[in-house]
Chemist: 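Starting off with a structure, shown below.
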Amino acid sequence: MPKAQSVRPLAIPAISTRLLLTAAGVVIVLLALAYLVAFDQGALSRSGMYVHELMHDGRHLLGVPCH
């Protein structure tokens with residue numbers, strides 16, 4: 001009869017606070033960028049048509065309907 005093997009629980013690696021805050025910051029920046037490109041339609045633009053046209057082209061590049 002084979003000898004029973006002991007089962008050890010899996011160790012969960014610790015996540016540093018700095019890594020967690022960095023990841024949260026990256027997610028917030030990406031969500032803000034996605035909002036500006038996909039939904040803003042130039043409402044936050046204070047520099048005239050340049051930013052509006054840049055975001056418009058970005059919507060076309062990403063396949064977001066805008067017309």
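Everything quoted here is computed from the prediction, not taken from an experiment. Just so you know, residue 1 is the first one in the sequence shown, and it goes up from there.
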Chemist: CD1/I28 to CG/L33 distance, rounded to the nearest 0.5 angstrom?
Modeler: 13.5 Å

Chemist: Does L31 sit in a hydrophobic cluster with other residues, and if so which ones, taking ILVMFWY side chains as linked at heavy-atom separations under 4.5 Å, directly or through other members?
Modeler: V27

Chemist: Who else is in the cluster with L30 when I, L, V, M, F, W and Y are joined by side-chain contacts under 4.5 Å?
Modeler: V26

Chemist: Holding to side chain to side chain contact (heavy atoms under 4.5 Å, CB included), I want the full list of residues that pass it with L62, two or more places apart in sequence or in another chain.
Modeler: V37, V64

Chemist: Output a table of donor-acceptor pairs, distance under 3.5 Å, between side-chain atoms of residues 11-18 and any protein atom two or more places apart or on a different chain; print 'none' if there are none.
Modeler:
from	atom 1	to	atom 2	distance (Å)
S16	OG	L19	N	3.2

